[in-house]
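Notes for the one structure printed next.
Along the sequence shown, residues carry numbers from 1. As the structure lists them, so they are numbered: ligands from 1, and atoms in each ligand from 1.
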Amino acid sequence: MEKSKKDKKKEPAGLSIRDVTICDATAQMLAKAERDGVETAFHRAATMKACPIGANSACCKHCSMGPCRLNANDPYGKVGVCGATIDTIQARNFGRMVASGAAAHTDHGMAMLDLFREVVNGNIQDYKVKDPIKLEEVATEMGIETEGREVKDIAMDLYHELERTYVAVEGEIPFAKRVPEKTLETWRKHGVVPRGAMREIMELMHRTHMGVDQEYRNITNQCSRTALADGWGGSMVATEISDILYGTPTPVRAEVNMGCLKENEVNIIIHGHEPNLFESMLDSVNDPGLIQAAKDAGAEGINLVGMCCSGAEMLSRHGIPHAGNFMSTESILVTGAVDAMGVDVQCIKQGLAKVADCYGTKLFTTNPRCHIEGVEHIEFHEHTPRECTDTIVENAVVRFKNRTAAVEIPNIRNMGVHGFSHEYINYMLGGSFRSSYTPLNDNIINGRIRGVAGVVGCTNPRVKQDWVHVELVKELIKNDVLVVQTGCSQIALAKAGLYTPEAAHLAGPGLSEVCETVGMPPVLGLGSCVDNSRILIACSEMVRVGGLGESIADLPVAGAAPEWMSEKAISIGQYFVASGVYTVFGVTFPVVEETKFYKHLFGGLEEQGFGKWGFAKDPYEMAKLMIAHIDAKRAALGLDKARERVLMDMADRQKLDAA
Ligand code: SF4
Ligand code: MSK
């Protein structure tokens with residue numbers, strides 16, 4: 001029958017699916033979505049032409065004398081109505097991205113700290129301190145007396161100290177104590193040691209208001225200070241408190257990909273960033289009453305699966321299966337097998353609502369910061385967390401019982417080893433006999449490991465999903481660069497099978513020798529976006545252990561976010577750069593090339609003793625830039641001489657230890 005104009009579904013634009021993703025499961029679901037007439041972000045990206053002026057950050061709408069558009073081809077040809085130059089406009093736009101990204105991470109961290117306080121006070125009973133050893137270690141580092149004291153008293157002192165991360169109006173944030181002295185000296189010289197994040201974000205928003213800071217280098221300084229309040233502040237607190245409350249990750253075998261869904265079980269996905277919702281959901285799905293309800297509905301059980309960063313965190317900490325990264329969150333609903341999806345904050349596409357609707361999936365927002373028009377909101381309260389998560393499970397059971405959508409689950413699962421906290425890297429490389437980063441430094445010094453690269457960040461429909469991540473990482477390990485990862489990038493590589501010790505055969509001879517000796521994969525997953533702070537701590541440890549220079553800027557390391565999309569990524573990039581790391585982004589970079597601001601980010605900062613930004617779309621070009629940087633740092637350290645090839649055995653270690 002001919003559909004009336006009103007009934008006719010708007011067919012999604014036909015995609016060349018193999019051009020937009022290398023993820024087979026996502027590709028299978030995109031093909032089904034097209035058959036079903038369902039649109040995803042991939043389809044919208046194909047029809048939405050990105051604004052070229054915005055992409056270059058050559059426009060300003062900070063006041064109503066504008067918006068003002070400058071010409072990227074002639075950036076100094078004109079100025080805004082107020083007289084703002086291209087450099088002012090770009091630096092302000094960049095600053096606002098940093099402010100927003102830093103706000104997201106620090107708000108997450110502050111929510112974790114609020115929870116910690118309430119748990120320690122005994123006002124919240126559903127969570128507890130699961131890792132008192134880590135609690136004592138962090139407290140000791142912060143100068144808090146632990147000897148002979150009750151856990152509760154230590155924890156309360158730690159709470160008060162870490163609260164300064166957010167509210168300190170002067171001085172330096174607590175985790176500045178972890179920064180290598182020479183790096184800290186550079187920060188102090190340029191006045192970028194952060195005070196509390198609230199103060200830094202507020203000042204950055206103020207300085208980027210119309211008619212305030214109009215000196216791009218001065219704005220960049222505040223970008224660094226704010227971003228550092230994220231990396232060494234809000235994000236680091238989020239990671240450390242999550243470890244204290246939920247346990248520090250240790251390696252765990254776990255599955256990723258859409259095949260983690262189970263046709264005969266009630267499938268529940270948690271997607272977002274804060275672990276509290278997911279931890280409570282873990283209790284709910286193990287509740288005998290709810291399991292029985294699922295069985296009464298005809299299901300074999302309840303299957304809990306993660307996505308995006310809350311998924312990456314639960315994968316690392318508990319081995320919970322992970323169904324896919326950011327660009328797969330709509331596609332997975334196309335399976336028809338997802339009975340409920342609970343979301344909290346960050347990276348939640350509004351487009352999920354429509355796709356969930358098409359397949360009858362129950363989508364719930366849970367955090368007061370994130371509602372979606374037309375989506376049911378079940379507020380999550382840490383004091384009574386099970387009220388929210390039990391309700392989601394009950395709804396999922398009802399949806400299972402009444403499933404009408406045809407179910408098609410891609411039969412793809414990838415087993416791998418995840419959960420490499422910085423503490424575990426210590427243990428893994430040094431062993432319980434001599435737990436430290438010394439063996440890592442030794443292997444970098446002797447050249448088996450050329451350097452270390454952090455490859456992190458999102459997926460983005462403007463580039464082929466996962467492809468840049470996977471090709472870049474393969475190229476790096478082939479050249480003996482050890483790769484550490486977080487977030488959606490970690491999931492891309494896990495889907496590509498690089499999270500197994502067997503993947504060592506893809507590494508160069510030096511790195512594969514180390515991997516085989518230790519029994520580790522050539523790619524180490526550290527968790528979620530806030531867990532990038534684990535990479536900062538690892539860098540500090542490498543400096544502290546010695547032999548690789550005196551500051552983070554001296555280390556043979558580099559970072560990349562090859563498929564980034566969020567403002568959080570810009571904040572992360574800026575805190576790595578400000579910490580001394582060469583950081584390469586792909587996709588696009590919000591700047592007009594060859595302007596003064598561009599030259600400052602891509603070179604000037606390094607001259608001041610910080611790291612610098614880099615940009616390349618092509619993964620091989622990106623790898624070349626990163627390896628060249630690592631080699632230059634090796635040369636500066638005098639490590640470009642012939643590589644000695646003897647791996648230390650136990651006798652050598654004992655000799656060293658006796659020394
Ligand atoms: Fe234009 Fe200046 Fe207003 Fe920006 S602040 S919109 S450049 S007049
Ligand atoms: S979830 S910020 S898409 S890594 Fe952290 Fe993934 Fe990027 Fe969101």
**Asked** Should you measure from each heavy atom of His273, which atoms of ligand 2 turn up under 4.0 Å away?
**Response** 1 (S), 5 (Fe), 8 (Fe)
**Request:** Report yes or no: is the cationic atom of Lys599 (NZ for Lys, CZ for Arg) under 6.0 Å from the centre of the six-membered ring of Tyr216, at an angle within 45° of the ring normal?
**Result:** no
**Message:** If I compare all heavy atoms of Leu70 with all of Val79, which pair ends up nearest, and what's the gap?
**Reply:** CD1-C, 4.0 Å
**Request:** Identify whether the distance between the nearest side-chain nitrogen and carboxylate oxygen of Lys617 and Glu621 falls below 4.0 Å.
**Result:** no
**Message:** For His377 and Phe364, I'd like to know if the aromatic rings sit close, meaning centre-to-centre distance below 6.0 Å.
**Reply:** no
**Request:** For Asp344 and His273, indicate whether the former's side chain and the latter's backbone hold a donor-acceptor pair under 3.5 Å.
**Result:** yes
**Prompt:** So which protein N/O/S atoms does atom 1 (Fe) of ligand 1 have within less than 2.8 Å?
**Reply:** Cys68 SG
**Request:** Just let me know how His209 lines up against ligand 1, side chain, backbone, both or neither, with a heavy-atom cut-off below 4.0 Å.
**Result:** neither
**Item:** Smallest separation among heavy atoms of Val592 and Tyr598, with atom names
**Value:** O-CB, 3.4 Å
**Ionic contact status for Asp24 with Arg18, cut-off 4.0 Å** = yes
**Request:** Keeping waters out of it, list the protein N, O or S atoms under 2.8 Å from atom 7 (Fe) of ligand 2.
**Result:** Cys458 SG
**Request:** May I ask you to decide whether Asp107 forms a salt bridge with Arg369, counting only side-chain N to carboxylate O separations under 4.0 Å?
**Result:** yes
**Asked** Quick one: do Arg44 and Glu330 make a salt bridge, cutoff under 4.0 Å?
**Response** yes
**Prompt:** Do NZ/NE/NH1/NH2 and the carboxylate oxygens of Arg92 and Asp87 come within less than 4.0 Å?
**Reply:** no
